[in-house]
2 protein chains.
Amino acid sequence: MPRGSGKVNLIDVARRAGVSLATASRVLNGSTRSVGDELRERVRRAASELDYSPSAPAQAMARGGTDVVGLVVPDIADPYFSTIAASIVRAAEPHGLIINLASTERRHEREAEYVASMRRQQARGIVLVGSRTTDRRQLEELRAEIAAYTATGGRVSAVGQHKLPTDTVVVENRAAARSLAERLLGLGYRHFAVLAGPTDLLTARDRFTGFREGLRAGGVDLASQDVVHGAFTRDGGYAAASELLDRGSGASCVFAVNDVMAVGALSAFRDRGIRLPEELAVAGFDDIASLRDVWPSLTTVRIPLERLGEQALDFLLDEPAQQTRIRRFSGEVVVRASTPGSG
Amino acid sequence: MPRGSGKVNLIDVARRAGVSLATASRVLNGSTRSVGDELRERVRRAASELDYSPSAPAQAMARGGTDVVGLVVPDIADPYFSTIAASIVRAAEPHGLIINLASTERRHEREAEYVASMRRQQARGIVLVGSRTTDRRQLEELRAEIAAYTATGGRVSAVGQHKLPTDTVVVENRAAARSLAERLLGLGYRHFAVLAGPTDLLTARDRFTGFREGLRAGGVDLASQDVVHGAFTRDGGYAAASELLDRGSGASCVFAVNDVMAVGALSAFRDRGIRLPEELAVAGFDDIASLRDVWPSLTTVRIPLERLGEQALDFLLDEPAQQTRIRRFSGEVVVRASTPGSG
DNA sequence: CGAGGTGTGGAAAACGCTTTCCACATGCTA
DNA sequence: TAGCATGTGGAAAGCGTTTTCCACACCTCG
């Protein structure tokens with residue numbers, strides 16, 4: 001194995017096998033065109049002897065397309081997003097796709113920038129996760145940015161290279177939050193508080209709205225002082241929970257619109273000497289696997305995180321589809337120790 | 001803004017600006033060569049009017065190199081790896097680097113495969129995280145696979161495009177584990193058990209070895225029945241903890257070689273009705289941020305996860321460096337509620 | 001035995017850029 | 001005024017592939 005041989009290209013392989021460039025190419029990329037057994041074997045051997053590795057950029061040029069899929073997330077360290085990312089990576093592998101990862105660090109206004117970067121890479125498609133871009137105007141800009149293709153602000157958006165509309169994969173947050181509210185009412189709670197997350201994030205809004213609807217349906221109202229907004233993070237949850245306490249909320253059950261916040265709230269409550277779950281019940285949303293071991297274990301809404309990524313990729317790989325497609329996944333309430341009931 | 005104009009290339013821009021291809025290129029990539037103000041402006045306008053976006057593959061061809069950095073991790077959904085990944089992504093951004101993410105799904109034998117894939121992409125460098133490849137023989141193979149460049153089995157390895165040796169970034173696991181042991185002895189514990197993780201993972205072995213050394217130095221031995229191996233995951237921790245109980249270990253303090261396992265163990269113990277931390281103390285390693293809210297909060301070893309990624313990238317971006325470089329980070333013991341002491 | 005496949009190999013164009021190499025004005029200096 | 005740097009623009013040669021388009025045998029059928 002010739003070490004330090006630098007870059008070896010197809011020409012080198014062809015020369016060593018004593019064939020033309022065309023023949024070498026045909027052998028190595030399993031073209032439809034048949035090549036004689038003799039030459040085929042010679043090329044194969046030459047390639048392996050030279051430790052030949054085709055250049056992806058060159059192939060991209062010649063073929064007019066790459067095997068790259070862009071993945072843009074708000075924060076890859078957040079377990080919610082890393083779980084989705086994992087599912088996308090897993091789904092991409094069998095198709096031989098390469099994943100280009102970018103993180104906006106929750107500066108959602110930079111989404112367009114990263115989408116543009118993926119476009120430069122000639123990505124076959126782009127999966128936008130947890131986009132905060134829900135505003136019509138911003139959407140238009142994003143659309144302009146990625147030229148003939150489109151993006152939207154759903155939970156997970158797939159921007160295909162060949163379709164104008166953007167397919168989106170969403171979780172039925174509102175309906176699930178409603179179910180959660182009903183379930184908690186069923187457990188006997190009557191006085192609720194909500195750690196509602198950021199106001200401009202559709203996902204957070206939907207969960208909040210659904211939850212309130214569920215309570216209303218059960219004849220329970222949510223006082224505005226029992227609702228506190230904040231960042232969609234662990235620290236955001238901690239801060240919001242503290243704020244709630246400072247306001248002197250008398251709630252017996254607190255709903256955090258995602259698990260990460262719920263877990264931060266758990267710590268805030270504990271730091272204030274509140275005994276959990278006896279004195280205060282807590283519920284979350286997402287059912288993040290790596291958070292299942294907190295105590296008290298979180299009552300939450302399980303959503304099929306692994307499926308979200310798969311579905312987004314399926315959309316990307318599917319043919320054109322002139323229609324904007326949308327796939328909705330429903331959530332399932334899971335009651336655990338953090339809401340012992342009869343609050 | 002001409003929508004649906006398909007691919008617009010430099011030639012289109014040049015034509016519209018009424019200049020040559022060369023001039024257009026010079027203007028747009030801020031070449032050293034100066035271009036007249038008049039033409040410069042015309043090209044700029046043409047490019048923006050056409051919404052021109054250069055093709056990265058084409059640039060890679062012409063420039064003979066990409067801005068891609070390959071990142072290979074065992075499992076992006078594991079908070080340990082996602083934290084490191086986040087730090088790499090963050091460090092890459094200011095340099096305009098694109099991250100190609102691949103996950104081996106903990107099938108470490110496939111590392112070489114992914115490294116090869118990154119090579120095809122003409123990656124400027126490769127960062128191998130949590131490689132299990134410690135064996136000399138495997139190392140040689142990997143080295144062959146990535147041609148003139150090298151990889152090693154340290155914690156985080158950086159495979160530069162231009163250097164033969166592989167730089168590596170490691171955590172001083174052994175020393176830190178020793179400190180942890182000493183600290184726990186100081187808290188009064190005398191009978192320990194260890195959830196030691198996989199036997200073939202250097203990181204796990206070092207932590208185990210260091211811990212045992214620390215105990216020995218304090219005159220305490222570890223009975224072989226108090227050591228159980230298993231997967232480096234949450235479920236691995238749960239299983240190992242259960243096994244420990246089944247064996248009837250009388251340990252008063254359990255050390256899990258990483259936080260993820262520790263957290264699984266917490267649940268296993270709780271499921272068996274053991275009161276934590278009163279009846280049994282638990283310690284972990286890593287100080288994973290998203291796991292800081294578990295109860296009882298974990299005594300663990302904090303390691304500068306964010307720095308690991310940064311350092312790996314620094315190595316990659318640095319010039320050749322014929323010597324293999326190695327950067328060691330030390331860990332810091334953090335005592336929390338899971339080891340109340342005087343066990 | 002000639003016309004028309006068919007199977008196989010090579011030459012060369014194309015993909016979209018960057019970057020040498022040239023050419024041509026200008027404005028200086030001697 | 002000849003002789004040169006210097007500044008600016010274009011033509012064209014790559015970069016490493018894929019993929020037409022041709023060419024040539026060799027077969028088969030009428």
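Just so we're clear, the structure is a prediction, and the values are computed from it rather than from any experiment. Chain letters run A, B, ... following the sequence lines, proteins first, then strands; residues in each count from 1.
- Side-chain atoms of B:Ala62 lie closest to C:dG16 of the nucleotides C:dG16, D:dG10, D:dT18.
- Of the candidate nucleotides D:dT17, C:dT18, D:dA11, D:dT17 has the atom lying nearest to any side-chain atom of A:Gln59.
- With respect to B:Lys7 and B:Asp12, no salt bridge is recorded, no charged nitrogen being found less than 4.0 Å from a carboxylate O.
- Checking the phosphate oxygens (OP1, OP2) of C:dC15, no side-chain nitrogen or oxygen of B:Asn9 falls inside 4.0 Å.
- In the set C:dC17, C:dT8, D:dT18, C:dT8 carries the atom at the smallest distance from any side-chain atom of A:Ser34.
- For the pair A:Leu10 and B:Thr23, nearest-nucleotide mapping onto DNA chain D gives the more 5' position to B:Thr23.
- Of the candidates A:Val129, A:Val72, A:Asp75, A:Val73, A:Thr104 forms a side chain to side chain contact (heavy atoms under 4.5 Å, CB included) with just one, namely A:Val72.
- A donor-acceptor distance shorter than 3.5 angstrom exists from the side chain of B:Arg40 to the backbone of B:Val35, with no hydrogens or angles considered.
- Residue B:Leu39 contributes atom CG, which lies 11 Å from atom C1' of D:dG10 at whole-angstrom precision.
- Picking from D:dT19, C:dG16, C:dT18 the nucleotide with the shortest atom distance to the side chain of B:Ser55 gives C:dG16.
- If you take NZ of A:Lys7 and C1' of D:dC15, they are 12 Å apart, rounded to a whole angstrom.
- Using a 4.0 Å heavy-atom criterion, one finds that A:Pro57 contacts no nucleic acid atom at all.
- The phosphate of C:dG10 (OP1 or OP2) has a side-chain N or O of A:Ser20 nearer than 4.0 angstrom.
- Checked against D:dA11, D:dT18, C:dG9, the side chain of A:Asn29 finds its nearest nucleotide in D:dT18.
- Side-chain N/O atoms of A:Arg63 and base N/O atoms of D:dG16 include no donor-acceptor pair closer than 3.5 Å.
- Taking atom CD of residue A:Glu38 and atom P of nucleotide C:dT8, one finds them 13 Å apart after rounding to whole Å.
- Checking each of A:Leu313, A:Leu128, A:Val127 against A:Leu71 for a side chain to side chain contact (heavy atoms under 4.5 Å, CB included) leaves exactly one that passes, namely A:Val127.
- The nucleotide whose nearest atom lies closest to any side-chain atom of B:Arg33 is, among D:dG9, C:dG10, D:dA12, D:dG9.
- Between A:Gln122 atom CD and C:dC15 atom P the separation is 14 Å, expressed in whole Å.
- The CG-P distance, from A:Asp37 to C:dG7, rounds to 14 Å in whole Å.
- The distance between atom CZ of B:Arg15 and atom P of D:dA11, rounded to the nearest whole Å, is 13 Å.
- Residue A:Arg42 contributes atom CZ, which lies 12 Å from atom C1' of C:dG9 at whole-angstrom precision.
- Contacts of A:Leu21 with the nucleic acid, taken as non-hydrogen atoms under 4.0 Å apart, include base atoms.
- B:Gly64 comes within contact range of no nucleotide atom at all, as no heavy-atom separation falls under 4.0 Å.
- Distance from the side chain of B:Met61 is smallest to D:dC15 among C:dG10, D:dC15, D:dG9.
- Comparing C:dT18, D:dG10, C:dG10 against the side chain of B:Ser25 picks out C:dT18 as the nearest.
- Rounded to whole Å, atom P of D:dC21 lies 13 Å from atom CZ of A:Arg26.
- When atom types are taken as modelled, the side chain of A:Ser82 and the backbone of B:Ser82 share no donor-acceptor pair closer than 3.5 angstrom.
- In this structure, A:Arg327 has no salt bridge (charged side-chain N to carboxylate O under 4.0 Å, His left out) partners at least two apart in sequence or on a different chain.
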